[in-house]
Structures are given as C-alpha cells and as structure tokens.
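Following: one structure in structure tokens, then a few remarks.
Nothing fancy with the numbering, it's 1 onward along the sequence. As the structure is a prediction and not an experimental result, all values here were calculated from the model. Every heavy atom of this structure was used, including side-chain atoms; hydrogens, water molecules and symmetry mates were not.
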Amino acid sequence: MARHGGGRGWYGKVVGAALGVTVLAVGASVWTAQADSVGGAPPKATASAAPGGEVEPVDVTIAHASDAGARGVNITIDDGPDPAWTPQVLDLLREYGVKATFCVTGTQAQAHPELVKEVVAAGHRLCDHTVSHDTAMDQKSEAYQSREILDAERMIIEASGGVRPMYYRAPGGAFTPYSRELAASHGMRPLGWNVDTKDFERPGADAIVATVERELSNGPTLLFHDAGGDRSQTVEALRRVLPWLRQQGYSFGFPVR
C-alpha cells in the first residue's frame, strides 16, 4: 500500500535520500530499473532464518523493470491474501492469462495459508510485505525491521508449503538501506512501483482505470490491492485494465530480480 498523508511520495523519498538527485525527471517513456544502491556487507539477521535451505543473494537496488522487456508490465497485488477478494483477483488473472506478484503480509499468510497455496499453484510469485504492514518501519530500529521482514518470510514459507518469497516490498515504500540489504541477502529483491492506482482509497473503478492509462508511461510496475477493505472497485478496474493492456500491445511479466 502507498504511504498515506501529505509530503513527498515514497519513491521520491527513497531515491532522493540515496542519490541526492531527482531521477523522475528522466524521460518517463524510458523504463529502467531505477534504484539507489548501498555499499558494504549485508547485515546480519537478528531473527531466526526462515526454513527452506540456502538462498542466493540478489541485487539490493529497488526493482521496477519488467522481465517481459520494453513492452512488459508487472501486475502487483498488495496486503492480502483476503478470503473475500483474493479469489476474485485470482479468477480474473486466470481468465486473462496474467501472472502477477502478490505482496503478502505475514499475518494474512498465517491466517489464510490455503490462499497462499492457491497463489503459488496458479503460477504467481510471492513477495514479503512484512508481518504487520507498518508504514513507519523505516523510523524503527534495525532489530524491529529484521523481525518484521524475517518473521514474515518464515510465515509466508510455512503458509505456501515451502515456497520462498522472491521480492520484498516495504509497506508504504518505507525502505531503508538496512532493510534492503537484509531482504536481498535472503534472496528477496526490493520491489518498488511506478503506477500507484490509489485503489486503496476507493476512488471508483473509473478513476483507477484512468490512473493506469494516464500514468503507465511512468514505468511498468502497477500497484493494486486485494485486502485492507472493500476491494470491489479494484476487481472491476482489473476486469477492464487487463484486456486494455493487451489491446495496447503490452505483455505481462514479473519484476526483474
């Protein structure tokens, strides 16, 4: 979910803090994996490692690009799974032959493991969205960040039947150098977004669709939600957006790792 309240958006905050420049001024038609990089060795985990064997570390920079190429888009679904809305989203994705990335929270994964398994069985990818979706976790201690990320990783692996999350998305974009290093050391690429549909505000399906059409030139990673309240507008918007994207010549992929 995008961070609520005024001030700069999370993307500008993260990139500006790390690079000291505003990269969003670069031509919006160019889709690249814009990210800030952090040096030094990966931090040591302060929570117990998740089950599932050894993992290969991945890039610590925040991914935005699609593995489907220049005309690829990434559908990302946050905050679930939810028994009311996730099945409807899964049905739509199946109907249109689309694979998506589900950014699930540890509490929801633990409460609805059958839905996590359905997501995996349908060929979608999992993303660690922390245990409790604390959008202020970038202001908390490293020990707290570690618990939120690694406990969620463990809960997701257990709920999925042993499938690891491939990405880490900070709630509200509240990334820190430490959290990105920690996630990457566990094989989870930090994941951003380019188009915030603002569907969590329930502005109406027309407004959600219009946001996608207007802001798609910003980049390929689209943010939707399948939990956190009534998501009927999201379902309706996806019903219209998915075929529209294909009509525009886009293909569906996953975020780069």
Side-chain angles (χ1 to χ4, degrees), residues 14 18 33 35-68 74-81 99-110 112-113 115-134 137-138 140-171 173-193 221 253-257:
V14 173
D36 50 338
S37 46
V38 175
K44 294 181 180 179
T46 57
S48 58
E54 295 297 321
V55 295
E56 290 293 327
V58 293
D59 198 322
V60 302
T61 58
I62 299 172
H64 295 84
S66 176
D67 66 6
N74 307 319
I75 303 298
T76 65
I77 313 290
D78 281 22
D79 298 355
K99 302 303 180 187
T101 301
F102 283 77
C103 300
V104 304
T105 66
T107 53
Q108 290 297 104
Q110 190 173 59
H112 308 289
L115 292 177
V116 180
K117 291 180 176 68
E118 283 188 36
V119 167
V120 171
H124 306 295
R125 289 185 179 179
L126 297 174
C127 170
D128 181 329
H129 204 31
T130 74
V131 173
S132 62
H133 199 279
D134 182 355
M137 66 179 290
D138 55 340
K140 307 291 178 62
S141 70
E142 291 182 352
Y144 176 87
Q145 295 176 52
S146 179
R147 287 194 299 272
E148 281 286 309
I149 296 168
L150 298 187
D151 283 355
E153 179 192 31
R154 173 184 52 77
M155 295 160 87
I156 292 167
I157 291 171
E158 290 175 353
S160 69
V163 177
R164 288 182 173 276
M166 299 178 70
Y167 307 93
Y168 163 64
R169 174 173 277 168
F175 289 101
T176 66
Y178 175 83
S179 68
R180 291 190 292 109
E181 288 272 12
L182 179 62
S185 72
H186 279 246
M188 297 182 288
R189 179 76 183 265
L191 176 59
W193 63 80
T221 301
F254 293 111
V256 296
R257 297 186 74 248

*Report yes if the side chains of E148 and S132 come closer than 4.5 Å at any heavy-atom pair, otherwise no.*
yes
*I77 to A100 - nearest heavy-atom pair and separation*: CG1-CB, 4.4 Å
_Interatomic distance, M188 atom CE to S179 atom OG [nearest 0.5 angstrom]_ = 10.0 Å
_Less than 4.5 Å apart, side chain to side chain, heavy atoms only: is that true for M137 and T130?_
yes
*Shortest non-hydrogen contact from F254 to G123?*
CZ-O, 3.6 Å
_Once rounded to the nearest 0.5 Å, what's the spacing between atom CG of D59 and atom CZ of R257?_
10.5 Å
*Check: T61/R189 side-chain N/O donor and acceptor closer than 3.5 Å*: yes
*Could you tell me the separation between the OG1 atom of T176 and the NZ atom of K140, rounded to the nearest 0.5 Å?*
12.5 Å
*Can you find a pair of side-chain heavy atoms, one from T76 and one from Y167, that are under 4.5 Å apart?*
no
*asked:* Could you check whether any side-chain heavy atom of D128 comes within less than 4.5 Å of a side-chain heavy atom of H186, counting everything from C-beta outward?
replied: no
*Is the shortest heavy-atom distance from the side chain of K99 to the side chain of R125 under 4.5 Å?*
no
*If you measure from CD on Q145 to CD on E181, what distance do you get to the nearest 0.5 Å?*
12.0 Å
_How close do K117 and A159 get, counting heavy atoms only, and between which atoms?_
NZ-O, 2.6 Å
_Among H124, H129, H112, the one residue meeting ring-ring contact (aromatic ring centres under 6.0 Å, His included) with F102_ = H124
*asked:* Donor-acceptor pair, distance only, cut-off 3.5 Å: does the side chain of D79 make one with the backbone of T105?
replied: no
*G253 to S66 - nearest heavy-atom pair and separation*: CA-OG, 3.9 Å
*asked:* Checking side chain to side chain contact (heavy atoms under 4.5 Å, CB included) between F175 and each of I62, D138, V60, which is the one that passes?
replied: I62
_When you compare the side chain of C103 with that of L191, does any pair of heavy atoms fall below 4.5 Å?_
yes
*Side chains of D134 and P171 in contact at under 4.5 Å (non-hydrogen atoms)*: no
*Between T221 and T101, is any pair of side-chain heavy atoms under 4.5 Å apart?*
no
*V55 and G187: which non-hydrogen atoms are nearest, and at how many Å?*
CG2-N, 4.1 Å
*Knowing that exactly one of L115, L126, I156 qualifies, which makes a side chain to side chain contact (heavy atoms under 4.5 Å, CB included) with V120?*
L126
_For a side chain to side chain contact (heavy atoms under 4.5 Å, CB included) check, start with the C-alpha distance between M155 and V131, then their side-chain angles and the critical distance, and finish with the verdict._
CA-CA 8 Å; M155 295 160 87; V131 173; 4.1 Å; yes
*Contact summary for P81 and A109, nearest pair of heavy atoms*: CD-N, 3.9 Å
*Please round to the nearest 0.5 Å and tell me the distance separating atom SG of C127 and atom CZ of R169.*
6.0 Å
*Rounded distance (nearest 0.5 Å) linking atom CD1 of I149 with atom OG of S185*: 9.0 Å
